[in-house]
Structures are given as structure tokens and as C-alpha cells.
Participant: 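After the C-alpha cells below, expect a handful of questions from me.
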Amino acid sequence: MDAVREAFRDECARLGEVLRGLSEADLDRPTDCRPWRVRELLAHVRTGVGRLAGMLAAPAPPRAEVDAAGYFGAAKFTPEVDAARVDSGRREARELDGPALVADFDRAWRATDTAVAAAPPDRVVRTRHGDAMSLTEFLRTRVVEVGVHGLDLAAALDREPWLTPTAARVVAELLTGGRPVPPELGWDRLTLIRKTTGRSPLTDRERSVAEASGFRWLSFAA
């Protein structure tokens with residue numbers, strides 16, 4: 001939990017620093033998470049980082065049934081679910097102007113961090129999709145969301161990726177199942193994350209080596 005919480009805090013704080021310098025024109029830039037613009041993708045991330053506070057206020061399920069890798073299952077990315085996700089991001093982006101949206105992102109992730117700090121480490125939560133997960137495993141999914149969508153935001157803003165070392169470690173370990181990256185791939189953590197989440201293309205050889213190594217191909221919003 002300590003490592004995952006540190007990664008969550010580091011990545012959210014870094015994204016918040018970047019956001020404070022953005023103009024309205026920056027927020028209107030298109031992203032590769034089509035049809036979202038930067039402000040709509042940010043609204044999606046803001047909602048995602050704030051979910052745990054409400055989940056921790058609800059009754060705890062008796063036991064965890066899904067881990068972080070299982071959370072990113074194909075059922076969460078059906079056309080119907082994707083359409084609802086896109087519409088939600090657009091609607092939420094319309095509700096706030098740029099400064100208010102940035103401020104609300106900061107409020108949301110800090111509220112989650114406070115709620116996590118007050119919860120027992122073995123707490124189980126239920127997601128909006130009905131998954132019963134340990135608090136640590138669900139927080140791990142939040143690190144993935146902020147970290148990977150941070151790559152999308154950096155690309156849209158023509159910035160170098162700002163992925164923090166702590167978040168990169170958490171995301172990479174999830175994607176590889178804790179296994180080392182085969183030396184023949186020559187990937188650092190950033191390359192690993194880009195390649196296995198569809199942010200950079202894979203060659204046939206790379207895919208073959210990664211699959212043979214037991215890497216996890218998560219269903220994740222493009």
C-alpha cells in the first residue's frame with residue numbers, strides 16, 4: 001500500500017503542476033483518446049481519481065474478488081460502456097471552466113488520499129462496475145489511469161512525458177506481472193508502458209517476446 005499510495009500522490013501532484021500552466025487554448029487541443037479534447041480527458045481523469053472517497057464511505061464487501069489486472073477487463077470497454085464514458089467526460093468538462101476543472105482535479109485526488117490514509121490497509125471496496133477489490137489493488141488502477149492518461153495529455157500538449165518514477169514502477173509491475181523485461185526488448189519502463197497500452201506500435205517480434213514473457217495486455221481506453 002505504501003508504494004502504491006506514494007505513486008498515486010506523486011503522479012497526481014505532478015499532473016497538477018502541469019495543469020496550472022495551461023491556457024484555455026491548451027485545454028481545447030485534441031487528444032488521441034478520440035473524440036476527447038484535453039479538457040474532456042482531464043474531466044475523465046478527475047472523476048477517476050476521486051472515486052475512492054465515495055467507495056470508502058460505502059459498506060465493505062466481505063472479500064476481494066478482482067485484482068488490478070482483472071479490473072481492466074474487456075467488459076469495461078464494450079461499445080456501450082465506452083459511449084457512456086465519452087459522454088460523461090464531455091458533460092463534466094462543460095460544467096467547469098479550465099481553472100475550476102484544474103482546481104477540482106486537485107481537490108478530488110487529495111480527498112481520495114485523505115480517505116485512503118484513514119482506511120485500514122486490508123479494506124475491501126466495491127467499484128462502480130460491481131467488482132469487489134482490495135483498497136490497494138483499486139488504488140493501483142488509479143495510478144494506471146493517471147499515469148497512462150498523463151502520457152496522452154503530454155502528447156496532446158506537445159510535452160515530454162512527465163511520468164514519475166514511482167508511478168512508472170507501479171504501472172510496469174502490473175503490466176509485467178512483476179517479471180523483468182526481457183533484455184532482447186531493450187525497453188525502459190516508459191517504453192514498456194507505451195508499447196503495452198497501445199501508445200506506441202509493437203513490432204511482430206516485440207509482441208511475440210512480450211507474450212512469451214507473460215506480459216498482461218490490459219483492456220484500456222485508447
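Every value quoted in this text rests on a predicted model; they were computed, and no experiment measured them.
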Participant: Who passes side chain to side chain contact (heavy atoms under 4.5 Å, CB included) against R110, sequence neighbours left out?
Facilitator: D106

Participant: Please give me the minimum heavy-atom distance between R51 and T112, naming the atom from each residue.
Facilitator: N-OG1, 4.3 Å

Participant: Are V170 and E11 side-chain neighbours, meaning at least one heavy-atom pair lies under 4.5 Å?
Facilitator: no

Participant: In Å, rounded to the nearest 0.5 Å, how long is the span from CG of L27 to CG of L41?
Facilitator: 11.0 Å

Participant: Work out which heavy atom in G16 is nearest to a heavy atom in F105; give both atom names and the distance.
Facilitator: N-CE2, 3.9 Å

Participant: Do L157 and R29 have side chains that approach each other closer than 4.5 Å (heavy atoms only, starting at C-beta)?
Facilitator: yes

Participant: Shortest non-hydrogen contact from W36 to E40?
Facilitator: CA-OE1, 3.2 Å

Participant: Counting only pairs under 3.5 Å, give me each side-chain donor-acceptor contact of residues 52-65, with atom names and distances, residues two or more places apart or in other chains.
Facilitator:
none

Participant: Pair F72, E145 - check side chain to side chain contact (heavy atoms under 4.5 Å, CB included), show working.
Facilitator: CA-CA 10 Å; F72 290 104; E145 291 275 358; 3.9 Å; yes

Participant: Are V49 and W162 connected, step by step, through hydrophobic side chains (Ile, Leu, Val, Met, Phe, Trp, Tyr) whose heavy atoms are closer than 4.5 Å?
Facilitator: yes

Participant: In the structure I gave you, are the side-chain heavy atoms of P99 and E24 within less than 4.5 Å of one another anywhere?
Facilitator: yes

Participant: Is there a salt bridge (charged side-chain N to carboxylate O under 4.0 Å, His left out) between R107 and D104? Walk through the geometry before answering.
Facilitator: CA-CA 5 Å; R107 178 205 59 75; D104 206 47; 2.8 Å; yes

Participant: Can you name the residues that form a ring-ring contact (aromatic ring centres under 6.0 Å, His included) with F138, not counting sequence neighbours?
Facilitator: Y71

Participant: Among all residues two or more places apart in sequence or in another chain, which pass the salt bridge (Lys or Arg N to Asp or Glu O under 4.0 Å) test with E17?
Facilitator: R14

Participant: What's the spacing between L135 CG and R140 CZ if we round to 0.5 Å?
Facilitator: 11.0 Å

Participant: Begin with the C-alpha distance, continue with both residues' side-chain angles, and end with the deciding distance and a verdict on side chain to side chain contact (heavy atoms under 4.5 Å, CB included) for K195 and L185.
Facilitator: CA-CA 11 Å; K195 293 274 190 179; L185 288 176; over 6 Å; no

Participant: Taking atom CD of E173 and atom CZ of R189, what is their separation to the nearest 0.5 Å?
Facilitator: 6.5 Å

Participant: Any side-chain heavy atom of M1 sitting closer than 4.5 Å to one from V116?
Facilitator: yes

Participant: Compare every heavy atom of C33 with every heavy atom of D152, then report the nearest pair and how far apart it is.
Facilitator: OD2-SG, 3.3 Å

Participant: Return each pair, listed once, that meets salt bridge (Lys or Arg N to Asp or Glu O under 4.0 Å) where at least one residue sits in residues 113-126; pairs must be two or more places apart or across chains.
Facilitator: R5-D113, R9-D113

Participant: Give the C-alpha distance, both sets of side-chain angles, the deciding distance and a yes or no for side chain to side chain contact (heavy atoms under 4.5 Å, CB included) between T127 and V66.
Facilitator: CA-CA 10 Å; T127 75; V66 177; over 6 Å; no

Participant: Ignoring hydrogens, what is the shortest heavy-atom contact between L163 and L190? Give both atom names and the distance.
Facilitator: CD2-CD1, 4.2 Å

Participant: In Å, rounded to the nearest 0.5 Å, how long is the span from OG1 of T31 to CZ of R37?
Facilitator: 10.5 Å

Participant: Mind checking side chain to side chain contact (heavy atoms under 4.5 Å, CB included) for V102 and listing every partner two or more places apart, or none if nothing turns up?
Facilitator: L19, R20, L42

Participant: Is there a path from L192 to V146 through hydrophobic residues (I, L, V, M, F, W, Y) whose side chains come within less than 4.5 Å of each other?
Facilitator: no

Participant: Indicate yes or no: at least one non-hydrogen side-chain atom of V4 is less than 4.5 angstrom from one of V143.
Facilitator: yes

Participant: Would a single hydrophobic cluster contain both W217 and V181, if residues Ile, Leu, Val, Met, Phe, Trp and Tyr are joined by side-chain heavy-atom contacts under 4.5 Å?
Facilitator: yes

Participant: Can you tell me how the ring of F215 sits relative to the ring of W187, calling it parallel under 30°, perpendicular over 60° and tilted otherwise?
Facilitator: tilted

Participant: Quick one: does E137's side chain have a donor or acceptor within less than 3.5 Å of a partner on S134's backbone?
Facilitator: no

Participant: Return the minimal non-hydrogen interatomic distance between V144 and V171, and the atom names on each side.
Facilitator: CA-CG2, 3.9 Å

Participant: Could you give the distance from CZ (R159) to CG (L153), rounded to the nearest 0.5 Å?
Facilitator: 10.5 Å

Participant: Stepwise, does the side chain to side chain contact (heavy atoms under 4.5 Å, CB included) test hold for R205 with E184?
Facilitator: CA-CA 10 Å; R205 173 184 167 276; E184 59 265 38; 3.5 Å; yes

Participant: Starting at CG of D188, measure out to CZ of R194 and round the result to the nearest 0.5 Å.
Facilitator: 9.0 Å

Participant: Do H44 and T47 touch side chain to side chain, with heavy atoms closer than 4.5 Å?
Facilitator: no

